[in-house]
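The block underneath contains the structure these notes are about, expressed in structure tokens.
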Number of protein chains: 2
Amino acid sequence: MIAELAKLPGVGAKTAQRLAFHILSMPDGDALGLADAITVAKAELMFCSACGNLTDVDPCAICSDPSRDRTVYCVVESPRDAQVIERMKEYKGLYHVLHGVIAPMSGVGPEDINLESLIVRLTKSDEAREVIVATNPNIEGEATAMYIARLIKPAGIKVSRIAHGVPIGGDLEYTDDVTLAKAIEGRREL
Amino acid sequence: MIAELAKLPGVGAKTAQRLAFHILSMPDGDALGLADAITVAKAELMFCSACGNLTDVDPCAICSDPSRDRTVYCVVESPRDAQVIERMKEYKGLYHVLHGVIAPMSGVGPEDINLESLIVRLTKSDEAREVIVATNPNIEGEATAMYIARLIKPAGIKVSRIAHGVPIGGDLEYTDDVTLAKAIEGRREL
């Protein structure tokens, strides 16, 4: 068990040992519950055939929820990012998970990520009005956003990018120059 | 000397002692240069009568620089923030330093900060077209931005706010919910 636990990220030999002894001291129900949860998750979780998000039913709960706004698609790099946005409880549209970003330096092209299915979804939908690209704010994320914009805008669908700027509660003094430049460039009229 | 050094922020008794011994071991020129720099700075630095920034000539080098864009005013809380933006080397307009923000909870009203002089400057200028409010992205900073917008917009001058959003090079996964919500709300069309 120690050797298996040590394969988890951020878990070294000592932490693995502590976790193992803790699991041994847990009531049987809890320990088996954990084992079961892992087994079930690996057996039943899959990627939604529509949006690519992690799900246990296909299509996923978000794609099949009639109360979601079907005019907006939020494009994210990973199921984790979709979950981060979902946790915020503000966004009511659909998602599309790319499972990566375009990264020519690492040999990842547009065909290597879950992008073609986005085009298919948008083509099939007659409600789609906007695609919000929420890839991470780094070089690959920006390049992917630009690529998606070039691809989709000719179809008459609006493509937007999440704002770059100073984080709320932050401090100008501790903001890096590039972010500050983007914050001034992207200023909004009051 | 140790007692005096210990009055600096972030300098405790031990650091003060280390600094003091280091200064003693410095060549005479360097040590006296430091003493001199402090004396001169305290004697000659003042606030620019136009923008409120720290300067050794009045009006300051930025206010009197003919190459600066006189249509834009960047409003900041402190001379330090003006320096942060200036260091970026992207902004070419003028500054206006508030020396604080409106903070009703701490009893700081609009009349307690360097705001009236901004109105005077804008009234006197026939070139002023935009005021960029770059106060910090917290409650007081936002309230001050809203107040300035209400005050200045009726004069036909555009008031804008620096963008809030995900910092460049950051990661959606580690972005707090409020910032993420602002980043989506403030999205820009590509």
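The chains referred to below are lettered A, B, ... by the order of the sequence lines, with proteins before strands, and numbering in each begins at 1. Only heavy atoms go into these numbers, but all of them, side chains included; no hydrogens, no water, no symmetry mates.
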Close approach to chain B in residues 30-47 of chain A, criterion heavy atom under 4.5 Å: none
Taking V166(A) as the starting point, is it possible to reach Y174(A) by hopping between hydrophobic residues whose side chains are less than 4.5 Å apart? no
Go through it in stages, so that I can follow the logic: the residues are M88(B) and I184(A), the test is side-chain contact (heavy atoms from CB on, under 4.5 Å), and I'd like the CA-CA distance, side-chain angles, deciding distance and then a yes or no. CA-CA 11 Å; M88(B) 204 176 66; I184(A) 293 187; 3.9 Å; yes
Should V108(A) and V101(A) be regarded as members of a common hydrophobic cluster, given that ILVMFWY residues are connected when their side-chain heavy atoms come within less than 4.5 Å of each other, either directly or indirectly? no
Hey, could you give me each pair passing salt bridge (charged side-chain N to carboxylate O under 4.0 Å, His left out) that has a residue in residues 63-75 of chain A? Not counting sequence neighbours. R68(A)-E86(A)
Is there a path of hydrophobic side-chain contacts, each under 4.5 Å between heavy atoms, that joins I23(B) and I2(B)? no
Measuring heavy-atom distances to chain B, does R80(A) have an atom under 4.5 Å in its side chain, in its backbone, in both, or in neither? side chain
Let me check something: do V57(A) and I62(A) share a hydrophobic cluster, defined by ILVMFWY side-chain heavy atoms less than 4.5 Å apart, either directly or through other members? no
V84(A) and E173(B): which non-hydrogen atoms are nearest, and at how many Å? CG2-CA, 3.9 Å
Which of K89(A), R87(A), E142(A) touches chain B most, by non-hydrogen pairs under 4.5 Å: R87(A)
State the CG-CD1 distance between D177(B) and I168(A), to the nearest 0.5 angstrom. 12.0 Å
To the nearest 0.5 Å, atom CD1 of I162(A) lies from atom CD of E185(B) at 13.5 Å
How far apart are the closest heavy atoms of R187(B) and S160(A), and which atoms are they? CD-OG, 3.1 Å
Considering only heavy atoms, give the residues of residues 145-155 of chain A separated from chain B by less than 4.5 Å, sorted numerically, with 'none' for an empty result. A145(A), M146(A), A149(A), K153(A)
So, taking the atom named CG in L172(A) and the one named CG in D81(B), what distance separates them when rounded to the nearest 0.5 Å? 4.5 Å
Taking all non-hydrogen atoms of both residues into account, name the closest pair between A181(A) and E90(B) and its distance. CB-CG, 4.2 Å
Which of residues 114-139 of chain B get closer than 4.5 angstrom to chain A, counting heavy atoms alone? E130(B), I132(B), A134(B), N136(B), P137(B)
Assigning hydrophobic clusters by single linkage (Ile, Leu, Val, Met, Phe, Trp, Tyr; side-chain heavy-atom cutoff under 4.5 Å), is M105(B) placed with I102(B)? no
